[in-house]
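Worksheet: one structure, shown below.
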Amino acid sequence: MGTHIRVQAEDFEIADETAALAETGAGAIVTFTGRVRGQDGVSALVVEHYPGMTEREIARIAAEAEGRWPLLGITVIHRVGRLNAGEQIVLVAAAAAHRKSAFEACEFLMDYLKSEAPFWKQEERAGALVWVEAKPADDAALRRWR
Amino acid sequence: MGTHIRVQAEDFEIADETAALAETGAGAIVTFTGRVRGQDGVSALVVEHYPGMTEREIARIAAEAEGRWPLLGITVIHRVGRLNAGEQIVLVAAAAAHRKSAFEACEFLMDYLKSEAPFWKQEERAGALVWVEAKPADDAALRRWR
Amino acid sequence: MKLLYFAWVRQKVGRGEEILAPPANVRTVADLAHHLRLRGNGYAEAFSDMTRLRAAVNQRHATLDAAIGADDEIAFFPPVTGG
Amino acid sequence: MKLLYFAWVRQKVGRGEEILAPPANVRTVADLAHHLRLRGNGYAEAFSDMTRLRAAVNQRHATLDAAIGADDEIAFFPPVTGG
């Protein structure tokens, strides 16, 4: 199984990523794309991460998904730096022979990414940056997989 | 909320569809793409449908999803006709403010599409066409939503 | 009454659609299937085992006891396999 | 020992990383946090409430009682908020 992990400032193209996963012969590809919501007066996000640990954590999470579901491929791309409202932040994609594995693995990967990968976000509102607080709902989401 | 339903012979571009959904201001977009698996000697699928009823059923399923989750957009595209191994068959995409709604709605839509939308597939193996049998697993998948 | 057949039902009966004026005692989907079965040949084969068939009345899924009338569009097909 | 700080921890202590040779009685992540808190100012503020902090030892999530040594890379940060 191929796992592709990228942490980058640049944007990504969902079509390129799903085309690459399709080459595995997968019958089912599920993707999650996160974008900066322009609501509540947020004009941008600034994302920082822990280089090295981030890639290790995502690789660990991907290996765990691979152990749980019969996957053909995983792609995780997370952007860092300043991202304006409407821009893409994160892509998680899982490819499998059948849809149930692809759906479950993609949601599992997102839940773990949210709670374990070392990224931190600030929201920009009227020019001021405020750290985003971790949500109890994200820890709750994680518990279903335990 | 916008619902886009298309039944067509032509291929589709996942990037175009997710870009359209992103214009709703969604923070989370989940997509499912189904492709013709080239395994078990299947060289192609031939898909037929019940024109009119297909669109009505998908609209009904989408309306039900809209009632269950706070969605910002739904896109369902299902191809018909002869589709070679590796080609895309179906795209289901759900956009929402947060990921849980988008994941659940997308999986719900796929489960209902599989069991209620009037499409029928033949598999081509060594030039011979054989009707695909409905899977008990698909009915089981549907029961979780009831 | 407009009848539509899909997938192997269409293949067995040898046509995709037809117009039918059934006798007055055909009041439900099950009555209609029975009436068609009596035509013999491909119809007998297509309608021999109703557990393998599904029906729609006016483009909505319907059960065998659904009532039908002269202006309805009735479709017979196997369980769906899209997606 | 290499120390790394992220997000508001970095802002409060005023730097992203530093090299430290802590006293011999610093044997765990909790000992290190206590040692840093005693520096006062931004450190005192950053490490005042350990329930708000998370730590990693050599790029793996670690609990407060995790053992640490001179060659380790220790990071302090708030709960993560990516995705």
Side-chain angles (χ1 to χ4, degrees), chain B residues 5 7 32-37 42 45-61 76-81 83 88-92 106-123 129-142, chain C residues 1-20 28-30 32-33 36-37 41-83:
Chain B
I5 297 167
V7 179
F32 173 88
T33 313
R35 286 181 180 260
V36 183
R37 291 197 301 142
V42 173
L45 293 180
V46 179
V47 183
E48 81 173 58
H49 76 301
Y50 182 170
M53 180 171 170
T54 310
E55 292 80 358
R56 285 178 70 145
E57 271 298 305
I58 299 174
R60 184 184 64 74
I61 294 163
V76 176
I77 303 173
H78 202 300
R79 294 177 68 194
V80 292
L83 305 172
Q88 300 187 120
I89 310 167
V90 62
L91 175 74
V92 170
C106 189
E107 194 167 5
F108 169 90
L109 288 163
M110 267 311 297
D111 285 347
Y112 267 76
L113 195 68
K114 278 259 176 191
S115 294
E116 309 222 330
F119 293 98
W120 300 273
K121 285 193 290 225
Q122 294 177 87
E123 287 178 345
L129 288 169
V130 178
W131 291 102
V132 174
E133 295 273 337
K135 293 196 199 85
D138 286 330
D139 281 337
L142 207 55
Chain C
M1 184 177 292
K2 183 179 182 183
L3 303 189
L4 298 171
Y5 310 110
F6 293 97
W8 56 255
V9 182
R10 173 177 51 72
Q11 291 178 322
K12 285 187 198 295
V13 304
R15 66 189 71 183
E17 58 180 89
E18 63 184 311
I19 302 296
L20 184 81
T28 67
V29 172
L32 177 59
L36 292 168
R37 185 162 58 239
N41 297 325
Y43 285 94
E45 203 183 330
F47 292 91
S48 65
D49 178 2
M50 289 305 292
T51 66
R52 297 186 63 207
L53 286 190
R54 299 292 179 269
V57 176
N58 297 325
Q59 306 192 349
R60 288 166 186 268
H61 290 293
T63 51
L64 286 174
D65 60 354
I68 56 175
D71 297 332
D72 290 336
E73 174 179 306
I74 323 290
F76 289 103
F77 43 77
V80 305
T81 57

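Residue numbers start from 1 in every chain, and the chains themselves are labelled A, B, ... in the order their sequence lines are given, proteins ahead of strands.
- Residues satisfying the ring pair (Phe, Tyr, Trp, His ring centres under 6.0 Å) test with B/Phe108, not counting sequence neighbours, are B/Trp69, B/Tyr112, B/Trp145.
- Counting heavy-atom pairs closer than 4.5 Å to chain C, the top residue among B/His78, B/Met110, B/Gln122 is B/His78.
- For residues 71-83 of chain C, the interface with chain B (any heavy-atom pair closer than 4.5 Å) comprises C/Glu73, C/Ala75, C/Phe77, C/Pro78, C/Pro79, C/Val80, C/Thr81, C/Gly82, C/Gly83, sorted by residue number.
- B/Met53 approaches C/Arg60 most closely through the heavy-atom pair CE-C, 4.0 Å.
- C/Arg54 meets the side chain to side chain donor-acceptor pair (under 3.5 Å) test with no other residue; sequence neighbours excluded.
- Of the atoms belonging to B/Glu133, heavy atoms from both backbone and side chain fall under 4.5 Å from chain C.
- For B/Val132, the parts lying near chain C are the backbone and the side chain together; criterion is any non-hydrogen pair under 4.5 Å.
- C/Gln59 contributes no side-chain N or O that, together with a main-chain N or O of B/Arg56, makes up a donor-acceptor pair within less than 3.5 Å.
- Residues forming a salt bridge (charged side-chain N to carboxylate O under 4.0 Å, His left out) with C/Glu45 (at least two apart in sequence, or on another chain): C/Lys12.
- Around the CG atom of C/Asp49, the shell of radius 6.0 Å holds more than 12 heavy atoms that belong to other residues, nucleotides or ligands.
- Counting only heavy atoms from C-beta outward, the side chains of C/Phe6 and B/His49 never approach each other to under 4.5 Å.
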